[in-house]
Amino acid sequence: MGGVDKPLMRLVGRTLLDRVVERLAPQCGAGLALSANGDPDRFAGFPGPILPDPVPGRPGPLAGLLAGLDFAAVRNPDVTHVLSAPGDAPFLPDDLAMRLEPALRDAPIALAASGARAHYTVALWPVGLRADLRRALVERDERRVGAFIARHGAATVSWPTEPLDPFCNLNAPDDMAAAEAAILAGLGRG
């Protein structure tokens, strides 16, 4: 997408991030936080704190997850789990947290899936994994979300992909065009 902040790209007049916030805010009673490096002022309209990676070297999504787990542990000690989702997935389900939560009876991590694909960054994560996640990033140089999940175990909850995959993230201009067409056809919120 040309190196721009995808969550700040506009889709039918609103940013992708605004669309994600609209979907997640009602599901997250303790509030939202955004994992992002660089100048936090570019996310001035976001309704929560902007959390930079807590480990150096921009190690990817696991560092963002660690930032969220650390923030929850300090800011909201009663919170046991953090819901994560990418900032470029504008059609997240309104029942995401509610459907993932029962899966925690079967595994420590509840992971969303659609079609035959697991979405590693759309999950409920126990705050109690933060020490092991820090070790994975700092001591083991772990970068793969799937490998971290495999080590701890996850229960998967599936959503249908029709009429629209709720976890599609927008990675190319064609994806943006398809998402716009879906919204204009009434398949996603306008």
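The figures here come from the full heavy-atom set of this structure, side chains too, leaving out hydrogens, waters and symmetry mates.
Here the side chains of Asp70 and Val74 are not in contact, with every heavy-atom distance at 4.5 Å or above. In this structure the side chain of Thr15 never reaches within 4.5 angstrom of the side chain of Met9, judged on heavy atoms. Between Pro108 and Trp125 the shortest side-chain heavy-atom distance does not fall below 4.5 Å. Using a 4.5 Å cut-off on side-chain heavy atoms (C-beta onward), Leu170 and Pro90 make contact. The side-chain heavy atoms of Phe71 and Leu66, taken from C-beta on, include no pair separated by under 4.5 Å. Contact of the Pro86 side chain with the Val122 side chain is registered, since non-hydrogen atoms from C-beta on lie closer than 4.5 Å. Between Asp94 and Arg23 the shortest side-chain heavy-atom distance falls below 4.5 Å. Side-chain contact between Val127 and His81 is absent, with no heavy-atom pair separated by less than 4.5 Å.
Defined by atom type and a distance below 3.5 Å, a donor-acceptor pair is present between the side-chain atoms of Asn171 and Lys6.
Residue Ala112 comes nearest to Leu100 through the heavy atom pair N-CD2, 3.8 Å, listed as atom of the first residue, atom of the second, then distance. Between Ala63 and Pro54, the shortest heavy-atom contact is O-CD, 3.3 Å. Nearest heavy-atom pair across Ala110 and Ala103 is CB-CB, 3.9 Å. Summarising the geometry of Gln27 relative to Ala97, their closest heavy-atom pair is OE1-N, 2.7 Å, with the distance given to 0.1 Å. Listed here is the closest heavy atom pair of Arg58 and Gly38: NH2-N, 4.1 Å.
Each of Val145, Leu137, Leu133, Leu129 was compared with Leu65 under the side chain to side chain contact (heavy atoms under 4.5 Å, CB included) criterion, and only Leu133 meets it.
Looking only at distances, a side-chain donor or acceptor of Asp165 sits under 3.5 Å from a matching main-chain atom of Phe167. Checked by atom type and distance alone, the side chain of Glu142 pairs as donor or acceptor with a backbone atom of Arg144 at under 3.5 Å. Counting only distance, with no hydrogens or angles, the side chain of Ser84 and the backbone of Thr121 share a donor-acceptor pair below 3.5 Å.
Residues Val21 and Ile50 fall within the same hydrophobic cluster, defined by Ile, Leu, Val, Met, Phe, Trp and Tyr side chains chained together at heavy-atom separations under 4.5 Å. Note: the hydrophobic cluster containing Leu164 does not contain Val157 (ILVMFWY, side chain heavy atoms under 4.5 Å, direct or indirect links). There is no path of hydrophobic side-chain contacts, each under 4.5 Å, that joins Leu104 to Ile149. Linking ILVMFWY side-chain heavy atoms closer than 4.5 Å, directly or via other members, places Leu69 and Val55 in a single hydrophobic cluster. Using a 4.5 Å cut-off between side-chain heavy atoms of Ile, Leu, Val, Met, Phe, Trp and Tyr, with links allowed through other members, Val82 and Tyr120 fall into the same hydrophobic cluster.
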- [ ] Using the salt bridge (charged side-chain N to carboxylate O under 4.0 Å, His left out) rule, take Arg42 and Asp39 through it: C-alpha gap first, then chi angles, then the decisive distance, then the call.
- [x] CA-CA 6 Å; Arg42 69 191 195 275; Asp39 183 4; over 6 Å; no
- [ ] Walk me through it: do Asp175 and Asn169 pass the test side-chain contact (heavy atoms from CB on, under 4.5 Å)?
- [x] CA-CA 8 Å; Asp175 298 337; Asn169 55 349; over 6 Å; no
TODO: With side-chain contact (heavy atoms from CB on, under 4.5 Å) as the test, would you mind laying out the steps for Phe148 and His152 before giving the verdict?
DONE: CA-CA 7 Å; Phe148 185 79; His152 291 281; 3.5 Å; yes
- [ ] Carefully, step by step, assess Glu22 and Arg14 under the rule salt bridge (charged side-chain N to carboxylate O under 4.0 Å, His left out).
- [x] CA-CA 11 Å; Glu22 176 185 45; Arg14 298 175 52 218; 3.5 Å; yes
TODO: Would you please test Arg99 and Trp159 for side-chain contact (heavy atoms from CB on, under 4.5 Å) and show each step?
DONE: CA-CA 10 Å; Arg99 290 209 34 220; Trp159 274 262; 2.9 Å; yes
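The pair Arg134-Asp132 does not count as a salt bridge, with every side-chain nitrogen at least 4.0 angstrom from each carboxylate oxygen.
Atom CZ of Phe91 and atom CD1 of Ile183 lie 4.0 Å apart (nearest 0.5 Å). With rounding to the nearest 0.5 angstrom, the CG atom of Leu32 is 9.0 Å from the CG atom of Leu83. With rounding to the nearest 0.5 Å, the separation of NE2 in His119 from OG in Ser158 is 8.5 Å. Here the CG atom belonging to Leu11 is positioned 5.5 Å from the CG atom belonging to Leu16, to the nearest 0.5 angstrom. Interatomic distance, CG of Leu124 versus CD1 of Ile109, reported as 10.0 Å (0.5 Å rounding). To the nearest 0.5 Å, the span separating CG on Leu96 from CD on Glu101 amounts to 12.0 Å.
Within a 6.0 Å radius of CZ in Phe46, other residues, nucleotides and ligands contribute more than 12 heavy atoms. Heavy atoms from other residues, nucleotides or ligands lying under 6.0 Å from CZ of Arg140 number more than 12.
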